[in-house]
Amino acid sequence: MNCKKIERIFIDVLTGEASENDAQLVQEHFSGCSQCRDQFMPMLAMNKTFRNITQHEIPNGYDERFWQKLSAHKAAPELSPPLKFMVEIFGTNVRLAFISIVGALLSVFSPIEPLLNNYQWNIIPTFLLTISLLIITFIIKQSFSWNTLIFYRRKTYENK
Amino acid sequence: MTDEQLVEQMNEGNREAFRELYERYKKGVYNFALRFLLDKNAAEDVAHDVFLLMHDNIYQFDVSRGKFSTWLYSITYHECCRIRKRNKKFFLLGDNEEGIKNESNHNYNDAIDLERALLRVPEKYRLPIVMIKLHGLTSAECASVLGISETNVKQRVFRAFKMLKEYYKI
C-alpha cells in the first residue's frame, strides 16, 4: 500500500475510528517505510498521551454560583408582549432590512426635500437619518440583557 | 440511566433529572469552554449560560438527531463563539500561529506538557482535536457541532497533530 493511502488510514487511527485491520496495516507499513515511520510514530505516541490528559477541576463555588444564577433566572419577570415582539423582530437581518427600507423611503420621500429642493444636498440628511436609525436599533437590541433574552426563549418545564 | 432517559424525565417535569444532567456534564462543559476560550472566568460564565440554555430549551432536543452530549457541546460551542465575538482578547494566544514554535525541549509523553502545547494550536485546529480526543466525540459528531464535513474534521485533527509535532521539533 502506498504512503498516501496509509496517511488516510492513519488519520482514522488518530481519531480512534480505524478498525483493527487498518491499524495493523499501518503498523506493517511502518515496519517497511522509514519515512512514514519517522513522520507518524511521534504522532502515535502523542495520541496515547492524550488519554492521560485529565480534565481541569471546576473552580471553588462554581456550583453555588450556578444554582444562584438559575434561581435568579427563574425569578426574572416575563417580558410583556410588545417587548417580546421587539426582541423577536430585532434580529440582525431584520434590523438591516428595516434600516435599508426606511433609508430608501427617506431618499425618495425626504421630509426636507421641498425645503432644500436640491437632490445633492438631500443625500446628507438622509444618510444621517439612516445612521441614527442604525444606532437607535442597536441600542434597543443591546438594552435587553442576555438573561432577559434567554428568559424569553425559555419554556419552563415546571409549568408543563 | 442514560442521558436521553434523563431528558425525557426532565421534559416530564422531574427537577432531579436536570440536577443529574448538570452533575454529569458540568466538568465537561467547563473544560470544553476553557480549552476554547483559554480564560477561566469566561469559561465558567459560558458553562453556566449553557446550562441555563439547556434548562430552557431541553424540549428542543431531538433524540433522533443525535446524542445528548453532542447537542450540549453544540450549545457550548455556539456560546463560546458568541463570547469570543464580544471579547477577542481571550484568543490572542490560541490564534497565534507563531506561538506554536517553541525554543525549549519538551516531552510529548507528558500529559501536562502536551496540553500546554495544545493550547498553542490555533483554535480552528484545536477544537476538533479537543472534542475528539478529550471529550469523546466521534468525527461525525464533531462535524455536526462545528458545521463542517467529517473529512474536514479529520484533516484538521491531522493538521493539529502536525503542529504539535512541530512544537516538539520531532
Side-chain angles (χ1 to χ4, degrees), chain A residues 6-18 37-74 76 92 142 145-160, chain B residues 10-15 17-19 22-23 26-28 30-31 34-35 40-41 43-44 47-49 51-53 55-60 82 107-115 117-118 128-129 132-136 138-140 142 151 153-155 157-158 160-162 164-165 168 170:
Chain A
I6 283 296
E7 186 182 298
R8 261 180 253 142
I9 299 171
F10 183 70
I11 295 174
D12 285 340
V13 173
L14 289 180
T15 56
E17 289 163 0
R37 190 171 57 237
D38 293 347
Q39 196 187 345
F40 297 141
M41 281 305 264
M43 292 188 193
L44 269 185
M46 274 186 250
N47 200 30
K48 280 181 187 162
T49 312
F50 267 105
R51 287 178 210 151
N52 301 330
I53 293 182
T54 51
Q55 290 199 337
H56 295 272
E57 285 304 317
I58 53 172
N60 286 336
Y62 174 95
D63 288 335
E64 289 77 12
R65 286 191 289 277
F66 172 68
W67 295 114
Q68 276 172 12
K69 265 190 191 179
L70 185 65
S71 306
H73 177 65
K74 282 180 181 173
T92 313
Q142 291 301 311
S145 69
W146 174 243
N147 273 341
T148 321
L149 282 174
I150 52 179
F151 185 85
Y152 169 60
R153 286 196 218 160
R154 183 170 120 204
K155 181 182 176 184
T156 45
Y157 64 91
E158 295 95 337
N159 296 337
K160 278 187 104 183
Chain B
M10 207 176 143
N11 274 323
E12 285 163 6
N14 184 350
R15 287 177 189 219
F18 173 72
R19 189 176 280 272
Y22 169 79
E23 289 296 332
K26 65 180 182 186
K27 217 169 172 182
Y30 171 74
N31 272 269
L34 183 61
R35 285 175 179 132
K40 285 184 178 179
N41 292 330
E44 184 179 326
H48 286 167
D49 280 349
F51 285 108
L52 290 181
L53 282 168
H55 173 276
D56 293 348
N57 298 290
I58 195 72
Y59 68 98
Q60 286 183 4
R82 191 181 65 79
N107 176 15
Y108 57 79
N109 291 315
D110 179 27
I112 296 171
D113 206 14
L114 182 62
E115 187 172 13
L118 186 63
I129 205 170
I132 292 170
K133 303 307 298 178
L134 303 179
H135 292 274
T138 63
S139 303
C142 179
T151 316
V153 166
K154 287 181 179 178
Q155 284 303 326
V157 169
F158 188 51
F161 269 101
K162 276 185 175 174
L164 288 169
K165 192 169 160 268
Y168 289 112
I170 303 163

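Sequence lines set the chain letters: A, B, ... in the order given, protein chains first and strands last, and positions in each chain run from 1. None of the values given here were measured: they were computed from a predicted structure.
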Trainee: Could you tell me which non-hydrogen atom of B/Lys165 sits nearest to which non-hydrogen atom of A/Pro42, and how far apart they are?
Mentor: CE-CG, 4.2 Å
Trainee: For the residue pair B/Leu164 and A/Met46, what are the closest heavy atoms and their distance?
Mentor: CB-SD, 3.5 Å
Trainee: Would you compute the distance between atom CH2 of A/Trp67 and atom NE2 of B/His48 and round it to the nearest 0.5 angstrom?
Mentor: 10.0 Å
Trainee: Partners of A/Glu57 by side chain to side chain donor-acceptor pair (under 3.5 Å), sequence neighbours excluded?
Mentor: B/Lys27
Trainee: How many angstroms lie between atom OG1 of A/Thr49 and atom CD of B/Glu115, to the nearest 0.5 angstrom?
Mentor: 12.5 Å
Trainee: Tell me, do A/Lys69 and B/Phe51 make a side-chain contact under 4.5 Å, heavy atoms counted?
Mentor: no
Trainee: Could you have a look at B/Val157, B/Thr138, B/Val153, B/Leu134 and say which one has the most heavy-atom pairs with chain A under 4.5 angstrom?
Mentor: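 If we count pairs closer than 4.5 Å to chain A, B/Leu134 comes out on top.
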Trainee: Residues in salt bridge (charged side-chain N to carboxylate O under 4.0 Å, His left out) with A/Arg8, at least two apart?
Mentor: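 Expected list: none.
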Trainee: May I ask you to name which of A/Arg51, A/Lys48, A/Glu17 has the most heavy-atom pairs under 4.5 Å with chain B?
Mentor: A/Glu17
Trainee: Quick one: which of A/Thr54, A/Asp63, A/Ile58 has the most heavy-atom pairs under 4.5 Å with chain B, could you say?
Mentor: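 The residue among A/Thr54, A/Asp63, A/Ile58 with the greatest pair count is A/Asp63.
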Trainee: At a 4.5 Å cut-off on heavy atoms, which part of B/Ile132 comes close to chain A: side chain, backbone, both, or neither?
Mentor: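 When you check distances to chain A, only side chain atoms of B/Ile132 fall under 4.5 Å.
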Trainee: Can you tell me which portion of B/Lys26 sits under 4.5 Å from chain A's heavy atoms? Options are side chain, backbone, both or neither.
Mentor: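 Both backbone and side chain.
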Trainee: Specify the closest pair of heavy atoms between A/Leu14 and B/Lys133, including all atoms of both residues, with the distance to one decimal.
Mentor: O-NZ, 2.8 Å
Trainee: Just so I understand: if I count every heavy-atom pair under 4.5 Å between each of A/Gln39, A/His56, A/Glu7 and chain B, which residue has the most?
Mentor: A/His56
Trainee: For the CG atom of A/Asn47 and the CD1 atom of B/Ile129, what is their distance to the nearest 0.5 Å?
Mentor: 8.0 Å
Trainee: Quick one: CG on A/Leu70 to CZ on B/Phe18, what's the gap to the nearest 0.5 Å?
Mentor: 5.0 Å
Trainee: Measure across A/Gln55 and B/Arg35 and return the closest heavy-atom pair with its distance rounded to 0.1 Å.
Mentor: CA-NH2, 4.2 Å
Trainee: Please name the pair of heavy atoms, one in B/Glu44 and one in A/Pro59, separated by the smallest distance, quoted to 0.1 Å.
Mentor: OE1-CG, 3.6 Å
Trainee: Hey, could you give me the CZ/CZ distance between B/Phe161 and A/Phe10, rounded to the nearest 0.5 Å?
Mentor: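 The CZ atom of B/Phe161 sits 7.5 Å away from the CZ atom of A/Phe10.
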Trainee: Enter the distance from B/Leu53:CG to A/His73:NE2 here, rounded to the nearest 0.5 Å.
Mentor: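 Here the rounded value is 7.5 Å.
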